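Remember, it's a predicted structure, so these values are computed and weren't measured experimentally. Heads up: numbering here begins at 1 and tracks the sequence.
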Amino acid sequence: MWAAGIAAVFAVGWWLRRAGIATEDRLPPLHAELRAPTWRILPAACTAALAVAALPPLAARLPWRLLPAAGWACSAAWAVALAAADGLGALARPFDAPTEYAAGLPAVRPDPAEWLRTFTERLGGYPTHVRGHPRSPLWSCGRWKPPGSAAPAGPPRS
């Protein structure tokens with residue numbers, strides 16, 4: 001059943017690309033590039049191996065209220081190690097990518113209420129992450145104001 005679902009998603013992605021609708025990615029729904037692993041991926045591989053070895057016994061001993069935090073910390077460590085495989089600058093690269101949330105902030109800032117009202121009508125003009133995720137992350141980021149500031153700041157820049 002899972003294999004059929006995955007095959008269907010790739011078939012829809014292939015069709016969207018051929019129709020000119022999803023042109024950002026070479027193989028939708030994957031938003032990635034295929035490349036050979038090198039020694040730079042070693043920290044992420046070690047983090048994953050450590051998690052696979054350590055988390056099951058830890059989960060057996062930890063109280064339930066601490067398990068979500070342990071799982072979150074482990075997944076965050078793995079994500080940072082994986083991103084750092086491309087150098088420390090890769091950790092901030094999503095903030096400058098034209099397909100990420102930050103590229104959609106200018107649409108939110110003039111009038112967030114209007115942006116929310118017209119979100120689905122203007123969906124095709126937004127970056128990939130804005131189109132594929134709920135409105136809340138971008139709306140929240142567009143509304144966030146640093147202390148003492150009159151204007152929203154948005155995400156930090158590298």
Give the minimum heavy-atom separation between [X] and [Y], together with the two atoms involved.
{"X": "V130", "Y": "F119", "value": "O-CZ, 3.6 Å"}
{"X": "G104", "Y": "P127", "value": "N-CG, 3.7 Å"}
{"X": "T47", "Y": "A81", "value": "OG1-CB, 3.8 Å"}
{"X": "A83", "Y": "L91", "value": "CB-CD2, 3.5 Å"}
{"X": "A102", "Y": "P106", "value": "O-CD, 3.8 Å"}

Working to the nearest 0.5 Å, report the span between [atom1] of [X] and [atom2] of [Y].
{"X": "L50", "Y": "W78", "atom1": "CG", "atom2": "CH2", "answer": "14.0 Å"}
{"X": "T118", "Y": "L123", "atom1": "OG1", "atom2": "CG", "answer": "10.5 Å"}
{"X": "R122", "Y": "R117", "atom1": "CZ", "atom2": "CZ", "answer": "9.5 Å"}
{"X": "R93", "Y": "L88", "atom1": "CZ", "atom2": "CG", "answer": "10.5 Å"}

Connecting only ILVMFWY residues whose side-chain heavy atoms lie within less than 4.5 Å of each other, what is the rest of L55's hydrophobic cluster?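 Answer for L55: L58, L62, W64, L66, L67.
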